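Throughout, protein chains are lettered first and strands after them, A, B, ... in sequence-line order, and every chain is numbered starting at 1. This structure is a prediction, so every number in the text was calculated from the model and none was measured.
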Protein chains: 2
Amino acid sequence: MTGSPSSAGVSTALLTDRYELTMLAAAFADGTAQRECVFEVFARRLPDGRRYGVVAGTGRLIESITRFRFGEQELDLLSDVVDRATLDRLADYRFSGDIDGYPEGELYFPGSPILTVCGTFADTVILETLVLSILNHDSAVASAAARMVTAAAGRPIIEMGSRRTHEAAAVAAARAAYLAGFASTSNLEAQRRHGIPTAGTAAHAWVLLHDDELSAFRSQVAALGTKTTLLVDTYDIRRGIELAVEAAGTELGAVRIDSGDLGVLARQAREQLDKLGATNTRIVVSGDLDEYAIAALRAEPVDSYGVGTSVVTGSGAPTAGMVYKLVEVDGRPVAKRSASKESRGGRKGVLRRYKPTGTATEEVVFPARNPIPVGEHDRLMQVPLIRGGEPVPDLPTLEESREHLKRALVTVPWEGLKLSRGEPAIPTVFEGF
Amino acid sequence: MTGSPSSAGVSTALLTDRYELTMLAAAFADGTAQRECVFEVFARRLPDGRRYGVVAGTGRLIESITRFRFGEQELDLLSDVVDRATLDRLADYRFSGDIDGYPEGELYFPGSPILTVCGTFADTVILETLVLSILNHDSAVASAAARMVTAAAGRPIIEMGSRRTHEAAAVAAARAAYLAGFASTSNLEAQRRHGIPTAGTAAHAWVLLHDDELSAFRSQVAALGTKTTLLVDTYDIRRGIELAVEAAGTELGAVRIDSGDLGVLARQAREQLDKLGATNTRIVVSGDLDEYAIAALRAEPVDSYGVGTSVVTGSGAPTAGMVYKLVEVDGRPVAKRSASKESRGGRKGVLRRYKPTGTATEEVVFPARNPIPVGEHDRLMQVPLIRGGEPVPDLPTLEESREHLKRALVTVPWEGLKLSRGEPAIPTVFEGF
């Protein structure tokens, strides 16, 4: 029996930059390892022209932190990197601090303190790489995916980009796209690991494998039922649709078109299907779709979209640009001061202001030590995620985070949901710094 | 003892699109599963303006195919996807066909048949997703990284982009960057899994953790020795360099500058270090570097580069756009014919032509059944990788593939190594189709 790709018990500790460990060794040596630190995760800006970002990966992160342990294999490798005393401490390492953050599926804006990690320097510094890898990847995908879902205006989208990204990133991308409102994924491991519904049609190879298109379609219908989706653009689309209905009858589930001018082809296909009596047969389109192409097809008789490359690569922004910055040491605010990358020291609080109608108006970031009044329509953004190293009870499920995002998007001012480039949908205001 | 992130024995079979499995089930049902198929991997085009691509991931792919097995957990999941008879066959599945391809580290051009997978339809179709995920990701990173190495003109580059990409993709990205000539990586798991040298400096958090910059530097030197790299741009760079030399003496290994106008700052730093007598102290620069920024620093006294985001995201091209196409069934050439995405049917052979001086002149793709004469300066590009499901003996190591690329880059016509946008460095010619 082979093992499974399940991640249960597998250490995440080496998914880490070497310098976190060498800093740790030096901090053990000089005693600063025990100083109480606050690190914050935020994005200095949104990708060019984007109006909002979507926090994603939080659930994966919390689970990954519980597996951040140094076993024998990890310590073996590190014996060349740090001294014996540090190795001994690492053997006992488990994160024992607190983490607060935006709920997964929440919107964020430039400067939003998305995650706040508190604990000793030893506890907190070595989580940097893992925290950023997960949040930067998953948020980049979810942020792009949410725009596609808006553009699709209620029509389902299948995520089918696994082949365009690293094989493990594909699983996380499927999860992030589902969080953002995609209906399903092609990725089987995403179903196994995250319970995401899988879907699929057939490839051109399926048609080419057979002696002719009709036998390919007949065979697919025989094996998978008339509700299957037949890929009709291998040779001639008009002929393909004719044969598809011949093979499956007028109760055929769907046809897929994967190339050409999808708008024109969808219109022709709808007309032809209706004439053939296949009025309930749906039309799935795919092929280099991004949020703009999806929006451009809004007036066409398209029933669902298959999206690959653009969603798994964040549609031009493959990483969310979040950083992990030390802002407080033993209660003292700290911040880098030179050059262009300035940061504000001190732990932050954050609330979002809303109109009585529920529309968000601004993100207010303030020093946590000087809390500001929370008005009737304001909402504090951070929630507890980890306490004393343990995930808090009743963390939201992926489905709940998906609902959270759906509700959050309703609060965005209407111009913030446009695909056109512009400023963040709401401004981030820093009060009291 | 916790488990390790080692991939040994972990199944890769579910890192697969659902439709590969449903097509397989239908092919078992109609008997076509046993037809002999040839699938080819190629890229229709290079990323916009690029002159060449670098094949990367082959080694990871071969290893992953040996783990493509359906164990109990995989079959459990699939019980909702395919019928009982298919599950039974999957339980015994192991790839038993042949794979030929470009050696890892070889250059490729539009249409180059990078990988050729032969076997029954059952054997070959379900590898599509895994093959493309690995090659598309790793080749995208290596192709960008090779341009950075050329731009660096012999100065070492550290890959430090783990935090900007999925945590597992980061490990593969470190490998691809090393293949392309990067000197080292920050990623510890890449060292453990692939033997890549790791390197690192310190973060701004290290300085901020301490009461002042001098104690941070003194402590780092005490723990890590004078050959360490001190990060000098937390407060004021000039003062930082002064304190760095005060803490470590003139034998300080290096200073790192991570922000600001790196060219100007490097010149000032060199002058200051020399005046302080630290003439051997190197200057490391980092901060949003890509191949263009690296090239722009060529005239400056920079000793090494740290590159993050741009290399792990393929510098604007995060996926290589390779496809996996069925080209032959039971000896009969097949190809999609409709619309824009036409393909040439039939298994291909490929050779590269060179001038007597060793400069490559063209990539010649021909029908494998009509071999063309191989001239004195021509080279057949594909090598055997898997035979009867088993990796061939003596596959190149990562180090050997790294050398292979180094030699291959020497054969590129000089204008093909320029960073400016242009046509592929050599044309791909299709002969005999």
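- Using the six-membered ring where Trp is involved, A/Y93 and A/F68 have ring planes that are perpendicular, over 60° apart on the 30 and 60° scheme.
- With a threshold of 4.5 angstrom between heavy atoms, B/D261 does not approach chain A through any atom at all.
- Both the backbone and the side chain of B/L209 come within less than 4.5 Å of a heavy atom of chain A.
- Residue A/E20 touches chain B through its side chain alone, counting heavy-atom pairs closer than 4.5 Å.
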Query - Intermediate values then yes/no, side-chain contact (heavy atoms from CB on, under 4.5 Å), A/Q34 and A/F28 - result: CA-CA 8 Å; A/Q34 295 315 312; A/F28 281 135; 4.2 Å; yes
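- Looking at B/A199, the atoms closer than 4.5 Å to chain A (heavy atoms on both sides) all sit in the backbone: N, CA, C or O.
- Both the backbone and the side chain of A/A27 come within less than 4.5 Å of a heavy atom of chain B.
- Here B/A168 is the residue among B/A223, B/G200, B/A168 with the most heavy-atom pairs under 4.5 Å with chain A.
- Here the closest heavy-atom approach between residue B/A26 and residue A/W206 is recorded as CB-CH2, 3.4 Å.
- Ring geometry for B/H166 versus A/H166: interplanar angle under 30°, hence parallel rather than tilted (30 to 60°).
- Among A/T129, A/T16, A/T319, A/D17, the single residue meeting the side-chain hydrogen bond (donor to acceptor under 3.5 Å, both in side chains) criterion with B/R163 is A/D17.
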Requested in this report: Go through the steps for A/L130 and B/E167 under the test side-chain contact (heavy atoms from CB on, under 4.5 Å), then give the verdict.
Outcome: CA-CA 7 Å; A/L130 186 67; B/E167 68 276 19; 4.2 Å; yes
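- In this structure, chain B has a heavy atom under 4.5 Å from the backbone of A/T165, while its side chain stays farther away.
- Between chain B and the residues A/G314, A/A222, A/P318, the most heavy-atom pairs under 4.5 angstrom are made by A/P318.
- Contact of A/N136 with chain B is made through the side chain alone, with heavy-atom distances under 4.5 Å.
- Contacts between A/A335 and chain B at a heavy-atom distance below 4.5 Å involve the backbone alone (N, CA, C, O).
- Distance check: B/I126 CD1 to B/F121 CZ gives 10.0 Å after rounding to the nearest 0.5 Å.
- Heavy-atom pairs under 4.5 Å with chain A were tallied for B/E328, B/Q191, B/H210; the largest tally goes to B/H210.
- The contact between A/F39 and chain B is made entirely by side chain atoms (from C-beta outward), counting heavy-atom distances below 4.5 Å.
- Counting heavy atoms of neighbouring residues, nucleotides and ligands inside a 6.0 Å radius, atom CZ of B/R94 exceeds 12 of them.
- Counting heavy-atom pairs closer than 4.5 Å to chain A, the top residue among B/S215, B/A172, B/A203, B/A91 is B/A203.
- Looking only at heavy-atom pairs under 4.5 Å with chain A, the residue among B/G321, B/A202, B/G240 that has the most is B/A202.
- The most heavy-atom pairs under 4.5 Å with chain A, out of B/L21, B/V312, B/L208, B/L78, come from B/L208.
- No part of B/R218 comes within reach of chain A, as not one of its non-hydrogen atoms sits under 4.5 angstrom from that chain.
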Report task. Begin from the C-alpha positions of B/L77 and A/E189 and carry the test side-chain contact (heavy atoms from CB on, under 4.5 Å) through to its verdict. Result -> CA-CA 9 Å; B/L77 185 279; A/E189 176 64 13; over 6 Å; no
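- When atom types are taken as modelled, the side chain of B/E159 and the backbone of B/G161 share a donor-acceptor pair closer than 3.5 angstrom.
- Of the residues considered (A/Q220, A/M160, A/M322, A/H137), A/H137 shows the highest number of contacts with chain B, using heavy-atom pairs under 4.5 Å.
- Only the side chain of A/V81 comes within contact range of chain B, with at least one heavy atom under 4.5 Å from a heavy atom of that chain.
- Ranked by heavy-atom pairs shorter than 4.5 Å toward chain B, the options A/V171, A/T313, A/T309 are led by A/T313.
- Proximity to chain A (any heavy atom under 4.5 Å) is shown, for B/R164, by both the backbone and the side chain.
- Chosen from B/V323, B/V327, B/T201, the residue pairing most often with chain A at heavy-atom distances under 4.5 Å is B/T201.
- The CD atom of B/E128 sits 7.0 Å away from the NZ atom of B/K325 when rounded to the nearest 0.5 Å.
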Report task. Output, in order, the C-alpha distance, side-chain angles, deciding distance and verdict of side-chain contact (heavy atoms from CB on, under 4.5 Å) for A/S184 and B/R18. Result -> CA-CA 11 Å; A/S184 54; B/R18 178 184 173 108; over 6 Å; no
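- The closest donor-acceptor contact from the side chain of A/R69 to the backbone of A/S11 lies at 3.5 Å or more, if one exists at all.
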